[in-house]
Amino acid sequence: MKITDAKVFLGGPGKNYVTLKIMTDQGVYGLGDATINGRETLTAAYLTDYLIPNLIGKDPRNTEDIWQFFYRGAYFRRGPLAMTAFAAVDIALWDIKAKLAGMPLYQLLGGKSREGALVYAHATGSDLEDLMDSIAYYVEQGYKAVRVQCGMPGMPSASYGVAEGKGQNRNYITDFSGIIPKEEIWDTDRYMRFMPGALAEIRDRFGPDLKILHDVHHRLLPREAAEFAKAVEPVRLYWLEDPTPADDQDALKLLRQHSTVPIAIGEVFNSIWDCNKLIENEMIDFIRVAVTHAGGITHTRRIVDLAGMHNVRTGFHGAPSHSPICMAAQAHLNAWAPNFGIQEYLVLGTPECDALFPSEHFLRDGFFHVSDAPGLGVDFDETEAARYSYSPGSLPVARLTDGTLWNY
Ligand code: CS2
Ligand code: MG
């Protein structure tokens with residue numbers, strides 16, 4: 001069996017999805033995703049200029065050899081762009097393998113460990129009352145878990161995760177007016193004074209059963225994070241996400257000494273080498289890699305297995321910019337993973353998205369149900385794809401009130 005061709009498609013409804021389609025001499029094709037927010041043209045080029053020419057003629061069933069060929073063959077290993085480009089190829093090859101086997105992909109991973117996978121939605125508000133309405137909206141939709149982000153009184157500019165309007169699929173991250181990022185002003189003191197009280201009010205309003213998640217988005221120094229985690233402990237959060245910059249694997253030591261708040265980190269990680277110490281030293285409770293940014297199914301399941309050995313559960317990244325192909329691949333990993341925790345869920349459900357990526361996956365009562373169709377269970381409509389093209393976009397950057405460049 002041989003790979004005969006591969007194509008990269010750039011664009012999507014309000015998004016710059018990078019979709020890979022690998023074709024074979026037996027007519028079976030596979031789909032992969034190389035979408036990385038704000039750098040999409042680079043992974044598309046990595047695929048077109050380097051990986052696809054090396055794929056032609058190879059046997060698509062040798063997923064491991066092809067993964068090693070690209071990872072070791074790159075010489076300059078790892079990093080977000082390479083691992084995302086490798087991931088697209090890997091996900092597409094697993095799609096082909098599962099289609100050849102006539103099975104949904106999770107069967108090749110070890111079968112189902114659960115029927116539905118718990119998901120969480122993004123509740124957001126320009127102020128606390130607006131956020132309360134957004135939470136109520138998702139609770140009415142049947143969600144058991146919501147992430148809560150809101151604007152803070154007197155904060156010089158919008159804060160991370162604050163979007164206008166209600167309902168799903170609002171874009172509050174990528175600004176499609178070009179690649180020059182907007183600058184937001186961040187005030188840690190104001191956040192430390194406001195957010196613990198706001199989280200406590202949310203717990204009071206929605207009671208003990210709602211799973212409440214909050215994303216600090218890398219904004220606090222280790223000492224501040226320890227103080228903040230201690231202050232929010234009574235709220236019994238489901239998790240506190242990225243309290244400190246993720247590249248400092250020692251930043252959580254102080255926090256762990258002063259608080260038992262569950263910690264989730266990992267969305268900016270691209271390989272097991274970015275998080276092995278955090279996992280082995282049991283500094284986190286949830287690992288948040290995205291299969292698209294962490295080298296695909298072949299590498300992500302190694303991270304899941306290492307996490308499982310240390311009682312760390314999965315909490316895969318699934319931001320508004322993530323492609324339905326990424327979400328489908330994660331749905332299969334979530335159906336299998338013995339140490340599954342929760343899935344961030346925001347993508348599927350728009351008519352345009354469903355037309356471009358038809359699938360039988362579905363959400364019911366806050367649980368995601370993976371399709372039993374062979375392969376990933378998501379398809380790609382090339383006629384629909386022709387409607388979309390790349391539009392330059394960027395993530396904001398953050399500065400402190402004295403102008404110091406800070407973590408977005
Ligand atoms: C966020 C992301 O969903 C999350 O947890 O941290 O939305 C993140 O801001 C984006 O993926 C950046 O592209
Ligand atoms: Mg996050």
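Whatever order the structure lists them in is the order used to number ligands and atoms, beginning at 1.
Relative to atom 9 (O) of ligand 1, the option among His217, His218, Arg39 with the closest non-hydrogen atom is His217.
In this structure, a donor-acceptor pair under 3.5 Å is present between the side chains of Glu344 and His122. When only modelled atom types and interatomic distance are considered, Tyr29 and Asp5 share no side-chain donor-acceptor pair under 3.5 Å.
The name of the N, O or S atom in Glu241 nearest to the Mg ion (ligand 2) is OE2. The Mg ion (ligand 2) is closest to atom OD2 of Asp215 (considering only N, O or S atoms). No other N/O/S atom of Glu267 lies as close to the Mg ion (ligand 2) as OE1 does.
Heavy-atom contacts of Arg147 reach the following atoms of ligand 1: 1 (C), 3 (O), 4 (C), 5 (O) (cutoff under 4.0 Å). For ligand 1, the atoms lying closer than 4.0 Å to a non-hydrogen atom of Asp215 are 1 (C), 4 (C), 5 (O), 6 (O). Interface of Tyr160 with ligand 1, defined as ligand atoms under 4.0 Å from a residue heavy atom, comprises 1 (C), 2 (C), 3 (O), 4 (C), 6 (O), 7 (O), 9 (O). Taking every heavy atom of Ala319 and a limit of under 4.0 angstrom, the matching atoms of ligand 1 come to 2 (C), 3 (O), 7 (O), 11 (O). In summary, the atoms of ligand 1 found under 4.0 Å from a heavy atom of Asn37, numbered by their order in the structure, are 13 (O). Residue-ligand proximity, His122 to ligand 1, at heavy-atom distances under 4.0 Å covers atoms 3 (O).
Using a distance-only test at 3.5 Å, with no hydrogens or angles considered, a donor-acceptor pair links the side chain of His214 to the main chain of Val148. For Gln343 (side chain) and Phe316 (main-chain N/O), a donor-acceptor pair under 3.5 Å exists by modelled atom type. No side-chain donor-acceptor contact under 3.5 Å links Asp90 to the backbone of Phe86.
In Leu395, the part holding a heavy atom less than 4.0 Å from any atom of ligand 1 is the side chain.
Proximity of Tyr408 to ligand 1 is not established, as no heavy-atom distance is less than 4.0 Å.
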Check the pair Thr292, Asp33 against side chain to side chain donor-acceptor pair (under 3.5 Å), reporting the backbone distance first and the verdict last. CA-CA 6 Å; Thr292 292; Asp33 170 48; 2.7 Å; yes
Could you go through Lys99 and Asp95, starting from their C-alpha distance and side-chain angles, then the distance that decides it, and tell me whether this counts as salt bridge (charged side-chain N to carboxylate O under 4.0 Å, His left out)? CA-CA 6 Å; Lys99 284 174 178 168; Asp95 189 19; 3.2 Å; yes
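Residue Glu344: no N/O/S atom is found under 2.8 Å from the Mg ion (ligand 2).
Each of Arg302, Arg301, Arg72 was evaluated against Glu64; a single residue qualifies, Arg302, per the salt bridge (Lys or Arg N to Asp or Glu O under 4.0 Å) test.
By the 3.5 Å distance cut-off applied to N or O atoms, Glu241 is counted among the residues near ligand 1.
A centroid separation of less than 6.0 Å is found between the aromatic rings of Tyr408 and His217.
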